[in-house]
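Some notes on the structure that comes next.
For the numbers below, each heavy atom of this structure counts, side chains included, while hydrogens, waters and symmetry mates do not.
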Amino acid sequence: MEYAWAFLLAAIICYLPANLLPIMETVMLSGTQSDTIMSGVVFLWQSGSWPLALVVFIASVLVPLLKILAMLLLLVTVQCRSRWAPRQRTRLYRLLEAIGPWSMLDIYVVALLVSLVQLQSLASIKAGPGAMAFGAVVMLTMLSAMCFDPRLIWDPIEVNDDRQA
């Protein structure tokens with residue numbers, strides 16, 4: 001469980017730079033532009049692509065934050081040996097495992113844009129420091145979930161059942 005805590009704390013530390021630093025830097029004839037995840041969401045929203053803006057916001061800002069909060073809930077309740085809602089916490093853990101790789105949406109988009117733009121030679125796009133931090137958040141939350149043992153959720157219940165028998 002110590003590894004799960006360590007990976008989660010590292011993910012929390014990387015979350016702010018992932019959202020505040022540029023995820024993509026574009027160099028064109030007209031100049032250089034750096035975009036964060038939120039500036040991309042705002043651009044998509046203002047240009048009328050609000051469904052895409054919503055998808056990017058949910059997948060790149062909301063889902064990683066909810067994954068961090070969910071892992072925090074699981075780790076704190078296991079640490080305190082809580083008997084609260086073990087079945088629901090187990091389902092939450094399974095959900096975390098299932099959505100882990102889907103959080104990489106932004107990294108896939110940046111990689112696709114870089115390859116497409118480099119082929120056309122109109123501009124130069126490279127991943128910014130926020131992309132590295134964002135990838136770290138995704139990987140660290142996945143590692144935290146992998147190191148978490150969901151059987152620990154049920155340990156306090158089994159101990160109390162054994163004492164009553």
Side-chain angles (χ1 to χ4, degrees), residues 1-79 88-89 91-148 150:
M1 192 159 80
E2 294 83 15
Y3 287 115
W5 271 112
F7 287 130
L8 182 63
L9 292 175
I12 291 169
I13 291 168
C14 291
Y15 184 78
L16 278 177
N19 285 289
L20 297 176
L21 295 176
I23 198 164
M24 183 170 63
E25 296 173 351
T26 309
V27 179
M28 302 172 285
L29 294 174
S30 59
T32 302
Q33 179 178 343
S34 296
D35 290 300
T36 63
I37 293 172
M38 283 308 294
S39 70
V41 169
V42 169
F43 173 77
L44 289 170
W45 189 274
Q46 290 175 344
S47 66
S49 299
W50 61 268
L52 185 55
L54 195 59
V55 167
V56 171
F57 176 76
I58 290 171
S60 303
V61 178
L62 204 56
V63 168
L65 179 62
L66 292 175
K67 282 174 56 178
I68 287 171
L69 293 174
M71 272 308 298
L72 194 59
L73 172 78
L74 290 173
L75 287 168
V76 167
T77 56
V78 164
Q79 191 85 35
Q88 289 79 3
R89 288 187 289 149
R91 286 185 188 139
L92 178 62
Y93 171 74
R94 287 187 194 138
L95 180 65
L96 281 176
E97 289 252 300
I99 65 171
W102 290 99
S103 299
M104 289 294 282
L105 177 68
D106 270 3
I107 302 302
Y108 296 138
V109 169
V110 169
L112 182 62
L113 283 174
V114 167
S115 63
L116 289 175
V117 171
Q118 298 300 345
L119 288 175
Q120 295 179 1
S121 324
L122 298 174
S124 172
I125 295 180
K126 65 178 186 173
M132 182 70 89
F134 183 80
V137 169
V138 173
M139 296 306 291
L140 290 165
T141 55
M142 287 173 56
L143 288 169
S144 180
M146 287 172 52
C147 291
F148 180 78

Going through the checks in order, is the side chain to side chain contact (heavy atoms under 4.5 Å, CB included) test met by Trp45 and Leu52?
CA-CA 8 Å; Trp45 189 274; Leu52 185 55; over 6 Å; no

Decide side chain to side chain contact (heavy atoms under 4.5 Å, CB included) for Tyr3 and Leu8; before the verdict, give the C-alpha distance in whole Å, the side-chain angles of both, and the deciding distance to 0.1 Å.
CA-CA 8 Å; Tyr3 287 115; Leu8 182 63; over 6 Å; no

Before you tell me yes or no, could you show the steps for Gln79 and Trp5 under side chain to side chain contact (heavy atoms under 4.5 Å, CB included), namely the whole-Å CA-CA distance, both residues' side-chain angles and the distance that decides it to 0.1 Å?
CA-CA 10 Å; Gln79 191 85 35; Trp5 271 112; 3.0 Å; yes

Please step through side chain to side chain contact (heavy atoms under 4.5 Å, CB included) for the pair Phe148 and Leu74, ending with a clear verdict.
CA-CA 9 Å; Phe148 180 78; Leu74 290 173; 4.0 Å; yes

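Heavy atoms only, all atoms of each residue included: Ala11 and Ile68 are closest at O-CD1, 4.1 Å. Closest heavy-atom contact between Ile37 and Ala18: CD1-O, 3.7 Å. Scanning both residues, Ala127 and Ala131, for their nearest heavy atoms gives CB-CB, 3.9 Å. Considering all non-hydrogen atoms of both residues, Ala53 and Leu44 come closest at CB-CB, 3.7 Å. Pairing each heavy atom of Glu25 with each of Ser34, the nearest pair is CG-OG, 3.6 Å. Of all the heavy atoms in Ala59 and Phe134, the pair that sits closest is O-CZ, 4.5 Å.
Looking only at distances, no side-chain donor or acceptor of Ser60 sits under 3.5 Å from a matching main-chain atom of Phe57. A donor-acceptor pair is defined here as one N or O able to donate and one able to accept, closer than 3.5 Å; such a pair exists between the side chain of Tyr93 and the backbone of Ala145. Under the 3.5 Å distance criterion, the side-chain polar atoms of Thr36 are matched with a main-chain donor or acceptor of Ser39. Side chain of Tyr15 to main chain of Val61: a donor-acceptor pair is present (N/O by atom type, distance under 3.5 Å, no hydrogens or angles). A donor-acceptor distance shorter than 3.5 angstrom exists from the side chain of Thr77 to the backbone of Leu73, with no hydrogens or angles considered. Of the possible polar contacts, one joining the Thr141 side chain to the Val137 backbone as a donor-acceptor pair under 3.5 Å is found.
A heavy-atom distance below 4.5 Å is not found between the side chains of Met24 and Gln33. At least one side-chain heavy atom of Glu97 sits less than 4.5 Å from a side-chain heavy atom of Met146.
To the nearest 0.5 Å, atoms CG (Leu140) and NZ (Lys67) are separated by 10.0 Å. Here Ile58 contributes atom CD1 and Leu65 contributes atom CG; the two are 13.0 Å apart, rounded to the nearest 0.5 Å. The distance from the CZ atom of Arg91 to the CG atom of Leu95 is 11.5 Å, given to the nearest 0.5 Å.
Within a 6.0 Å radius of CE in Met1, more than 12 heavy atoms belonging to other residues, nucleotides or ligands are found. Heavy atoms of other residues, nucleotides or ligands lying less than 6.0 angstrom from CD of Gln88 number more than 12.
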